[in-house]
Amino acid sequence: MIHLETDVLVVGAGGAGMYAAIAAARNGADVILADKSLISRGGATIMAQMTTAAALGDEEPDSWEKHYEDTLEAGRGLCNEELSAILCREAIDRIREMDDWKVGWARKDGNITGVMAPGHSVPRCVYVDFLNTGPAVAKCLRTQVARADSVMRVSGLAINDVVVENGAVTGAVGWNLEDETPVTIAANAVIIAAGGLTRLYQRNSASVNMNGDGYAMALRAGADLIDMEFPQFFPIGHLAPRLVGMDPIMWDPFRYKLGGRLFNAEGEEFLHKYGGEDAEKYTTTRDIISYGITKEHEAGLTTENGGVHLSFQHIPEEKLREAFGPVIDKLAANGIDLTKDTVEVAPIAHYHMGGIRVNGQMETSITGLYGAGEVVGGANGANRLSGNAIPEAFVFGERAGRFAAEYARGRNRVWSDAAAQEHLDLLNTLIGRQSDGSGDKAALGEMWFELQNLMWEKVGVLRTGDKLAAALTRIREMRVTLADMVPADDAEFNMTLQDWYDLRSALLTAESVTLAAINRTESRGAHQREDFEEMDPAQVHNQRLRLGDDGEVLSDYLPVAKGVAA
Amino acid sequence: MSAPVTNSEKTAPITIQRGAPGEEPWMETYDVPWRPGMSVLDAIVWVRTHADSSVAFRYSCVSANACKECMVAVNGKTVYACTERLSEDGSEVGPLKNKTLIRDLVTDIVPPKENLRTILAERAKG
Ligand SMILES: Cc1cc2nc3c(=O)[nH]c(=O)nc-3n(C[C@H](O)[C@H](O)[C@H](O)COP(=O)(O)OP(=O)(O)OC[C@H]3O[C@@H](n4cnc5c(N)ncnc54)[C@H](O)[C@@H]3O)c2cc1C
Ligand code: FES
């Protein structure tokens, strides 16, 4: 066993975790920044393709208040106003700070330049060319973290459980992937920045590490989640032909810059039928496009693969090149010529609006436990504007790091082995469980496969009470089955042990999403019920989810948090 | 994305080098449902999902070629598993030769300053 000590432990090293580590260090704390994958590479941040919304106002008049209004509008009445205001106000500071760190925001006439995106009233979505925002911000933050002497960065360290004693955080338990060694960490504060949950769905834009660890860790530590019924489906995820070397979200930037048109399998534009706009206007919000494509599918109007056509055929080659240079060559290598071919697109699970319930200082209801990034709920309500997630990671990361450092630095370490024991016992039991070799070698893989299909079919874009209830029953059964499953007995890089813990998180998170979706008997934003097609003014409330004593997820309602602190 | 779901009968063999340091490496071949354009990573993910979850392999971003974690040797050539297409006639996949083997296809690509064992060893030196 390895034991470590620190003021602040940051779980997850994406945009939020790295910013949190930088901020905690510059506010005087010692930090351990742990990622189960490699620092800066394991999550969504490095995959993000294009835009980061911030009301810089350099090119044309803009203000954080306008950005805030747009965010609330998209959130369909459910945004936590304080969190949304913090996001919009401080996005400006973070984008400028990263500009000082030479991230390389695209510029025009000397100004950082922004593009328009659906739901934004001003072109305020800044980016790094070409499709390079994610890699550029990941590299920039990685460099800054490496410069902070008081940050210990650890790759391949998976955190399983936060240790809580007398209502306050005392540290965490995890394991070193390379050699399966249990690791305990005494920490005055823990920041969960473990990213999202979209790997729970069969069609997703996720990395393998986006399996809901953060939500499940928070629940098990006794913290609250909110708005879990709102995973966001990105409407035009790439479907066919098979494309390698690019992520399935890539068509969004194409649409920002070049418009592009959507046609069903009959060659007809269809968004107008669902309250959207056709032709080359990329104005329709994500929830409406996802809904429209799914409805076309139900009506038998999609392609053999189940998608619709996205076309840039009317755009001249030179314009395509000017906008996307090297990407056009990558497409050619995949056999795609946009002047001649359409591509097929369909909704894909992409982001999660819900998550850990925090206050403006990013504190949960457990003393010393903080959240940051996509894993936090509230700022985006029932539907997120594109470009709001990357600044959410930066802004909430910076705040979590700052406030956690203020709380944790100079405080006496409280650690007792006894409080960590149940978590260590579980880990040691799993490591010690020996398979007799007769079982299904892919049982854990198959469980992942089943869960992803279940979530896609029954807790996906269009929901009904019956399907959701069936999913909830099955998820609860799977939790029981998992408890007795046996990881392989490999001592090095034991992926089945990782699968086991990933599934433990995924199933608890899936239960939260499904339960919340059952309770919301209306359609709002990303949550669309076929049995309750209208938005119900009586359901302008948030759902809170907690873990009951018997391990079941419980829910109740909270009024939407209104009002903006100065 | 998850393992491709396919109804086609056609399969392609993928041969994966298994074993940890100190063990004599062995090869295992799996018949993977073949889809036009599929990557070596698609095939490895299929193996982990449906045949043997214990195959050790490092990857994060799945298809985006952003994380750069998925480097392996395919038929002796260093490639990213997520951009290399699976050959219809079969591909042989092994770990990178110039890196320390951890197990199966996983090698030590963690920067030393981010590796817990190395950090602790440095600290012990003072
Ligand atoms: C393909 C794609 C494109 C996107 N494009 C955009 C865009 O253009 N604009 C925009 O605003 N948003 C975009 N988003 C959303 C945005 O990228 C994310 O919301 C944001 O990057 C989340 O940052 P994060 O730091 O919270 O999480 P992540 O970047 O996902 O990082 C989480 C980290 O936690 C680690 N981790 C997880 N569990 C554990 C554990 N148990 N122990 C240790 N470590 C753990 C993971 O390995 C990972 O490295 C995109 C998302 C995707 C997937
Ligand atoms: S899986 Fe990320 S680069 Fe290949």
Side-chain angles (χ1 to χ4, degrees), chain A residues 2 4 35 37-39 41-43 46-47 49 134-135 138 146 152-157 176 178-179 181 183 199 201-209 241-250 334-335 348 441-446 448-449 452-453 487-488 490-496 499, chain B residues 1-5 18-22 35-42 45-69 80-85 100-111 113-120 123:
Chain A
I2 295 172
L4 306 169
D35 201 290
S37 168
L38 303 187
I39 299 290
R41 298 179 189 226
I46 200 166
M47 299 166 74
Q49 298 246 317
M152 169 172 154
R153 293 161 284 147
V154 191
S155 289
L157 174 56
N176 192 31
E178 190 179 295
D179 54 14
T181 310
V183 179
R199 187 186 169 203
Y201 286 92
Q202 187 233 330
R203 272 181 57 69
N204 67 60
S205 65
S207 83
V208 279
N209 305 305
R242 183 76 182 98
L243 194 61
V244 300
M246 317 206 62
D247 84 54
I249 302 307
M250 61 172 296
N334 277 284
I348 189 168
K441 280 190 184 169
L444 287 157
E446 294 286 2
W448 256 120
F449 188 68
Q452 288 179 316
N453 283 301
D490 301 302
E492 310 82 9
F493 217 86
N494 189 344
M495 303 227 5
T496 53
D499 283 335
Chain B
M1 268 188 288
S2 62
V5 188
R18 308 289 309 264
R35 276 181 128 200
M38 79 187 287
S39 65
V40 168
L41 180 128
D42 291 340
V45 169
W46 188 92
V47 170
R48 287 204 70 248
T49 307
H50 300 292
D52 185 349
S53 305
S54 75
V55 173
F57 179 56
R58 196 198 292 274
Y59 70 111
S60 281
C61 74
V62 190
S63 204
N65 200 224
C67 73
K68 312 290 184 192
E69 293 184 13
Y80 292 111
C82 70
T83 55
E84 182 72 8
R85 310 274 183 176
T100 311
L101 178 67
I102 294 179
R103 191 168 66 83
D104 297 350
L105 301 176
V106 177
T107 49
D108 185 10
I109 59 163
V110 174
K113 283 190 171 161
E114 297 172 11
N115 179 302
L116 188 55
R117 289 288 175 195
T118 319
I119 295 168
L120 294 176
R123 280 196 179 174

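Protein chains get the first letters and strands the later ones, always in sequence-line order, with residue 1 at the start of each.
- Shown here for B/Arg117 and A/Asn176, the closest heavy-atom pair between the two residues is CG-ND2, 4.1 Å.
- Put simply, CG on B/Asp52 and CG on A/Leu444 are 11.0 Å apart, with the number rounded to the nearest 0.5 Å.
- Taken from OG in B/Ser60 to CG in A/Asp35, the straight-line distance is 7.5 Å, to the nearest 0.5 Å.
- A distance of 8.5 Å separates CE of B/Met38 from CZ of A/Arg242, quoted to the nearest 0.5 Å.
- Nearest heavy atom pair, residue B/Val110 against residue A/Ser155, reads CG1-CB, 3.7 Å.
- The two residues B/Asp108 and A/Glu178 make their nearest non-hydrogen contact at OD1-OE1, 4.4 Å.
- Looking at B/Tyr59, the atoms closer than 4.5 Å to chain A (heavy atoms on both sides) sit in the backbone and in the side chain alike.
- Residue contact with chain B, scored on non-hydrogen atoms closer than 4.5 Å, involves the side chain of A/Ala488 exclusively.
- B/Ile119 touches chain A through its side chain: at least one heavy atom from C-beta onward sits under 4.5 Å away, while N, CA, C and O do not.
- Atoms OG1 and CD, on B/Thr49 and A/Gln452 in that order, are 7.5 Å from each other to the nearest 0.5 Å.
- Across all non-hydrogen atoms, the minimal contact from A/Met495 to B/Phe57 is SD-O, 3.0 Å.
- In terms of heavy atoms, B/Ala64 sits closest to A/Asp247 at CB-CB, 3.2 Å.
- Only the backbone of B/Ala51 comes within less than 4.5 Å of a heavy atom of chain A; no side-chain atom from C-beta onward does.
- Neither the backbone nor the side chain of A/Ile249 comes within contact range of chain B; no heavy atom of the residue lies under 4.5 Å from a heavy atom of that chain.
- With contacts defined as side-chain heavy-atom distances shorter than 4.5 Å, the pair A/Pro135/B/Lys68 does not qualify.
- The minimum heavy-atom distance between A/Val244 and B/Cys82, with the atom names listed, is CB-O, 3.5 Å.
- With contacts defined as side-chain heavy-atom distances shorter than 4.5 Å, the pair A/Leu38/B/Ile109 qualifies.
- Between A/Met152 and B/Leu116 there is a side-chain heavy-atom pair separated by less than 4.5 Å.
- When side chains are defined from C-beta on, A/Met47 counts as touching B/Cys61, because their heavy atoms get closer than 4.5 Å.
- Looking at A/Asp179, only its side chain comes within 4.5 Å of chain B, counting heavy atoms on both sides.
- For a residue to count as touching a neighbouring chain, one of its non-hydrogen atoms must lie under 4.5 Å from one of that chain's; by this rule A/Met250 does not touch chain B.
- The CZ atom of B/Arg123 lies 7.0 Å from the CG atom of A/Leu4; values are rounded to the nearest 0.5 Å.
- Taking the side chain as every heavy atom from C-beta outward, B/Arg58 and A/Val208 never approach each other to under 4.5 Å.
- If you take CG on B/Asn115 and CG on A/Leu157, they are separated by 10.5 Å, rounding to the nearest 0.5 Å.
- Judged by distance alone, the side chain of B/Ser53 and the main-chain N or O of A/Thr496 form no donor-acceptor pair under 3.5 Å.
- Put simply, of A/Leu243, A/Asn209, A/Ile2, A/Ile46, the one with the most heavy-atom pairs under 4.5 Å next to chain B is A/Ile2.
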